[in-house]
Trainee: 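My questions all concern the structure below.
Indexing begins at 1, ligand by ligand and atom by atom, following the structure's order.
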Amino acid sequence: MTDSPALDDLLLAHAAGKLDEPVALLVATHLALNRPSRQRYQRYEAVGGMLLEELEPCEMDASALTATLARVERGPNVNGAIGAARTVHGGRPRRWPAPLCHYVPDSLDELRWQGFGGAAEAEVLPEHHGYRTRLIRVRAGRAVPAHTHEGEELTLVLEGSFRDASGHYRRGDIEIADASIDHQPVADPGQDCICLAVTNAPLRLTGPIGRLLNPFVRI
Ligand code: ZN
């Protein structure tokens, strides 16, 4: 998906710095990979800047400077950042776009993978205010178990591509799914598909075997 009201809402919220870190990370990585979204996002930022200029100045709380400095100290700030799609470190090109480099090692072997079906997942961020942030790796031509969602699921394609009933998603595309969507993403043949996925509630397996497994698995 490259243009839809739901994606625009995400870009606007990101420009306003209103997204929590897991979602901000996903959107910042999407922006590094997708030029049309980057252009829209820069327009939103410009509009936001003009609105700020029109606001009356107000007195700041004494703790505001300390809080701002603490945020700078904490390191990479994915709120509002537009990172490059390709970065170089120590003379070698990095695997991931700039925003993600701070969170995910280049080598997939350094992550702790847990398999399910033709797919595996690895936590990228510790659970954060109810969000789970994971890399999902689906073997070429294989499927993720059919499932629906108790909340929202954002999936950004980092490598390869996948298809489900709602469309075809390539590098840089985001799929937005919720409780109304029951799907079974299938990686295209030829290359493993690696995605960054952020969910704010558990998934629920819906296939015949998945329904039996639901009480025992947490995905
Ligand atoms: Zn899903």
Trainee: Does Arg43 have any side-chain hydrogen bond (donor to acceptor under 3.5 Å, both in side chains) partners at least two apart in sequence or in another chain, and if so, which?
Mentor: none

Trainee: Answer yes or no: is there an ion pair linking Arg132 with Glu123, defined by an N-O contact shorter than 4.0 Å?
Mentor: yes

Trainee: Going by the rule salt bridge (charged side-chain N to carboxylate O under 4.0 Å, His left out), which residues pair with Asp8 if we only count those two or more places apart in sequence or in a different chain?
Mentor: Arg40

Trainee: Side chains of Thr199 and His149 only: does a donor on one sit below 3.5 Å from an acceptor on the other?
Mentor: no

Trainee: Please enumerate all residues that pass side-chain contact (heavy atoms from CB on, under 4.5 Å) together with Asp164, with sequence neighbours excluded.
Mentor: Phe162, Ser166, Tyr169, Glu175, His183, Pro185

Trainee: Under 3.5 Å, is there a donor-acceptor pair linking the side chains of Tyr103 and Glu21?
Mentor: yes

Trainee: Listing by chain and number, which protein N, O or S atoms are under 2.8 Å from the Zn ion (ligand 1)?
Mentor: His147 NE2, His149 NE2, Glu153 OE1, Glu153 OE2, His183 NE2

